[in-house]
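Shown below is the structure under consideration.
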Amino acid sequence: MAHGATILDADGLRLTAAEKDLFREVDPFGFILFARNIDTADQVRALCADFRDAVGRDCLITIDQEGGRVQRLRPPLARDWSAPLEFVEQAGAQAERALYLRYRLIAQELHALGIDSNCAPVGDLVTPQTHPFLRNRCYGSEVATVVRLARAVAQAHLDGGVLPVLKHMPGHGRATADSHKDLPHVEAPLATLQAQDFSVFQQLNDLPLGMTAHLVYEALDDLPATISAKVMQMIRQEIGFEGLIMTDDISMKALTGTDPEKAADSVAAGCDLVLYCNAPLEARRAVAEAAGVMSEAASHRAAAAMAQRQAPKALDTAAADAELCALMGAKVHEGQ
């Protein structure tokens, strides 16, 4: 069965009757949580149950829990972490193992609340021009380092029963503007992009889910990647990403036009799912209708991604915390 080609959100701590009716009708593939949806552990679990009851299946529920500024869950529900780049720099030679432990603990916290996906790892390269909105969310400036660390982050999620979402394809690190507010343009030559930015995603092309970047790669097209058939074809064919691809939030200001137009354009370009957040109920309906249902190819990719959602492996939390503190030489988070 083809589900709606959207990932939607909720206004508050529980679904309203109107939201339940809408989600039952448009059957989004999954949902995303924000800080406004978070209060207590029991409340989050109940909201996740609301989502799944509305669509009648064990659908995907994702969140942004990178650490640092981008962290929807905070103490006492979850550990509070430093920004990823600061954490990597503090860990030094131990960064790969430290990141694995960090995100394995995050995955455990998410899974316990009914959340089975996280919008991480970040595969974007730090460059001299990387905008501050993104810079400290990255893992480094060298391709091999970022690939190795992003792989550790992804594996930590998978081991914890949580599906990772690789972002922002095919590379956001050269953007000098914040795509939440403006449309960034990247002027780098194609050969440079292929050898550096795109190479990271090519080496991680087996991950189950990915998220697009809202920026223009002038060497490829004059349209933003999310709505560019040329860029989406490059992601599929040259980068070789076979997983399920969602847009970054189409309500961000980098994209122009009405939200339904953005949704339709994203799907037409080759995105499997449209992520749409922070909008009134009727706007969510209009976007869901414009996005339509998932294509047959998208449905196959979705099934393959969801098949990687496994029961968590056993974790000794105290031992993981202790090892992480030993690796970092200090306490590295505020407790639950």
Side-chain angles (χ1 to χ4, degrees), residues 1-9 22-32 51 55 57 59-62 117 119 163 165-170 172 179-180 183 201 205 207-217 220-306:
M1 177 181 177
H3 304 295
T6 50
I7 294 178
L8 302 177
D9 61 353
L22 173 64
F23 298 153
R24 192 173 296 114
E25 177 185 342
V26 303
D27 188 26
F29 175 75
F31 299 93
I32 187 167
F51 285 135
V55 296
R57 57 191 159 82
C59 66
L60 185 87
I61 298 176
T62 195
S117 173
C119 294
L163 293 179
V165 180
L166 175 64
K167 58 190 186 186
H168 304 83
M169 298 196 310
H172 210 307
S179 53
H180 293 85
L183 176 61
F201 293 91
N205 63 14
L207 294 185
L209 296 109
M211 177 184 287
T212 65
H214 295 333
L215 67 163
V216 172
Y217 301 89
L220 291 172
D221 199 358
D222 58 0
L223 292 174
T226 301
I227 60 171
S228 167
K230 292 179 182 177
V231 175
M232 295 307 301
Q233 184 179 45
M234 186 276 297
I235 290 172
R236 290 298 188 194
Q237 295 183 358
E238 294 182 33
I239 289 178
F241 191 82
E242 297 181 354
L244 191 66
I245 297 179
M246 68 179 73
T247 70
D248 205 344
D249 178 12
I250 64 163
S251 71
M252 292 162 59
K253 303 305 181 186
L255 302 181
T256 58
T258 68
D259 291 342
E261 288 170 345
K262 298 174 194 176
D265 289 346
S266 300
V267 172
C271 295
D272 297 317
L273 297 169
V274 174
L275 176 63
Y276 186 55
C277 312
N278 307 310
L281 188 71
E282 287 309 308
R284 281 175 275 173
R285 180 187 301 278
V287 162
E289 291 173 351
V293 299
M294 296 172 67
S295 68
E296 183 176 356
S299 295
H300 285 305
R301 287 190 281 266
M306 296 298 278

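Predicted model, so just to flag it, every value in this text is computed and none were measured.
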- Message: Tell me whether Thr226 contacts the main-chain N or O of Ala213 through its side chain, where contact means a donor paired with an acceptor under 3.5 Å.
- Response: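 Flag set: sc Thr226 to bb Ala213 pair under 3.5 Å.
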- Mutual orientation of the aromatic rings belonging to Phe31 and Phe51 [parallel < 30°, tilted 30-60°, perpendicular > 60°]: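 Phe31 and Phe51: parallel rings.
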- Residue pair Phe29 / Cys59: nearest heavy atoms and the distance that separates them: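 Here Phe29 and Cys59 meet closest at O-CB, 3.6 Å.
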- With side-chain contact (heavy atoms from CB on, under 4.5 Å) as the test, would you mind laying out the steps for Leu244 and Met306 before giving the verdict? CA-CA 10 Å; Leu244 191 66; Met306 296 298 278; over 6 Å; no
- Item | Flag, side chain of Ser251 to backbone of Tyr276, donor-acceptor distance under 3.5 Å |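 Pair absent, no side-chain N/O of Ser251 close to backbone of Tyr276.
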- Looking at Ala291 and Thr6, what are the two nearest heavy atoms and their distance?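 Shortest heavy-atom contact: CB-CG2, 3.7 Å.
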- Message: Under the side-chain contact (heavy atoms from CB on, under 4.5 Å) test against Asp265, which residue among Ile227, Leu255, Ile250 passes?
- Response: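 The passing option is Ile227.
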- Less than 4.5 Å apart, any side-chain heavy atom of Val274 and any of Val267?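 They are in side-chain contact.
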- Expected output: side-chain Asn205 to main-chain Ile239 donor-acceptor under 3.5 Å: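 Looks like yes, one N/O pair under 3.5 Å.
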- Task: Assess whether side-chain contact (heavy atoms from CB on, under 4.5 Å) is satisfied between Leu8 and Ile32, documenting all intermediate values.
- Result: CA-CA 6 Å; Leu8 302 177; Ile32 187 167; over 6 Å; no
- Message: Tell me whether Thr247 contacts the main-chain N or O of Leu275 through its side chain, where contact means a donor paired with an acceptor under 3.5 Å.
- Response: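 Side chain of Thr247 to backbone of Leu275, a donor-acceptor pair under 3.5 Å: yes, one is there.
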- Item | pair Ile235-Ile245: side-chain heavy atoms closer than 4.5 Å |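 Yes - at least one pair of side-chain heavy atoms lies under 4.5 Å apart.
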- Which distance, rounded to the nearest 0.5 Å, do you find between the NE2 of His172 and the NE2 of His214?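 One gets 8.0 Å once the value is rounded to the nearest 0.5 Å.
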- Within-4.5 Å side-chain heavy-atom neighbours: Arg284 and Phe23: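 Heavy-atom side-chain distance check passes, below 4.5 Å.
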- Give the minimum heavy-atom separation between Val55 and Pro28, together with the two atoms involved.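 Nearest pair, atom of Val55 first, then Pro28: CG1-CD, 4.0 Å.
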- Item | Glu261 side chain to Thr258 backbone, donor-acceptor under 3.5 Å |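 A pair under 3.5 Å: yes.
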- Query: So do Val216 and Leu223 actually touch side chain to side chain, heavy atoms under 4.5 Å?
  - Reply: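 SC-SC contact between Leu223 and Val216 ruled out.
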- Would you give the length of the straight line joining atom CE of Met232 to atom OG of Ser266, rounded to the nearest 0.5 angstrom?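 With rounding to 0.5 Å, CE (Met232) is 9.0 Å from OG (Ser266).
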- Task: Could you pull out the closest heavy-atom pair between Ala302 and Met294, with the gap in Å?
- Result: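 Looks like CB-CE, 3.6 Å.
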- Query: Quick one: are Pro224 and Tyr217 in side-chain contact, heavy atoms under 4.5 Å?
  - Reply: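 The answer is no; the side chains never approach within 4.5 Å.
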- Write down the atom of Thr62, the atom of Ser117, and the distance for their closest heavy-atom approach.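 That would be OG1-OG, 2.9 Å.
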- How long is the gap from NE2 on His168 to CE on Met211, to the nearest 0.5 Å?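 Going from NE2 on His168 over to CE on Met211, the span is 6.0 Å.
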- Query: What's the spacing between Asp221 CG and Ser228 OG if we round to 0.5 Å?
  - Reply: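 The distance works out to 3.5 Å.
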- Message: For Glu296, is there any backbone N or O sitting under 3.5 Å from a side-chain donor or acceptor partner on Arg301?
- Response: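 Here the side-chain-to-backbone pair does not exist.
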- Begin from the C-alpha positions of Leu166 and Phe201 and carry the test side-chain contact (heavy atoms from CB on, under 4.5 Å) through to its verdict. CA-CA 8 Å; Leu166 175 64; Phe201 293 91; 3.6 Å; yes
- Message: Tell me whether Lys262 is salt-bridged to Asp259, with the criterion being a basic N under 4.0 Å from an acidic carboxylate O.
- Response: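 Judged by the 4.0 Å cut-off on N to carboxylate O distance, Lys262 and Asp259 do form a salt bridge.
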- Donor-acceptor pair, Asp9 side chain versus Asn278 backbone, under 3.5 Å?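 Indeed, once roles are kept as given, a pair shorter than 3.5 Å links the two residues.
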- Item | Under 3.5 Å: donor-acceptor pair, side chain of Lys167, backbone of Thr212 |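 Here the side-chain-to-backbone pair does not exist.
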- Message: To check you understand the geometry: which heavy-atom pair defines the closest contact between Pro208 and Ala305, and what is its length?
- Response: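 Here Pro208 and Ala305 meet closest at O-CB, 3.6 Å.
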- Which residue pairs satisfy the salt bridge (charged side-chain N to carboxylate O under 4.0 Å, His left out) criterion with at least one member in residues 234-251, sequence neighbours excluded?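 For residues 234-251: Arg236-Asp272.
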